[in-house]
Every structure is written in structure tokens, then in C-alpha cells.
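Written below as C-alpha cells is the structure these notes are about.
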Amino acid sequence: MSDLQTLPCPTCATETTFEQPTCIDGHTEDGGACPEWACTDCGTALVVGGVPVARREVWDRAA
């Protein structure tokens, strides 16, 4: 685990410390920040920030 941040936890119903686990999904390969955070009290996971959405043509080909 690395960075810590205080965020509102929906499960704890209070501001708690969240930690950022080591990213295994490749979010940081291009120097960006991983959007995944976990509550240190209850383990609730949050995705913070923008998450890229697949382009429409990718969805059309997959269908």
C-alpha cells in the first residue's frame, strides 16, 4: 500500500483514511494516478477521478 488520503466513506458514514493499493491494472504505466482507494477502517473501495470510457467504435465492433 502507498499513498493515504482522507475521504468520506459511504459505509463508515464519516471521513476516514483511505489508502491506495499498488496498482495492478496498469493505470500508472503512463505516469497517471491510479483511481482506486480502499478505506483503512472497513475496506470499502472507491474509484476517484476520471476513468477512461471505451470509444463508441470499440463497442460497435464488440457487439
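For Glu29, there are no side-chain contact (heavy atoms from CB on, under 4.5 Å) partners at least two apart in sequence or on another chain. Listed by chain and residue number, nothing satisfies the side-chain contact (heavy atoms from CB on, under 4.5 Å) test with Asp30 (two or more places apart in sequence, or in another chain). Listed by chain and number, the residues in a side-chain contact (heavy atoms from CB on, under 4.5 Å) with Thr11 are Cys9, Cys42, Thr44 (sequence neighbours excluded).
Within the model, atoms CD of Glu36 and CD1 of Ile24 stand 8.0 Å from one another, a figure rounded to the nearest 0.5 Å. Here the CZ-CG distance, from Phe18 to Leu46, works out to 4.0 Å after rounding to the nearest 0.5 Å. Trp37 contributes atom CH2, which lies 4.5 Å from atom CD of Gln5 (distance to the nearest 0.5 angstrom). In this structure, OG1 in Thr28 is found 8.5 Å from CD in Gln20, a value given to the nearest 0.5 Å. Put simply, OG1 on Thr14 and CG on Asp41 are 8.5 Å apart, with the number rounded to the nearest 0.5 Å.
Using a 4.5 Å cut-off on side-chain heavy atoms (C-beta onward), Leu7 and Thr16 make no contact.
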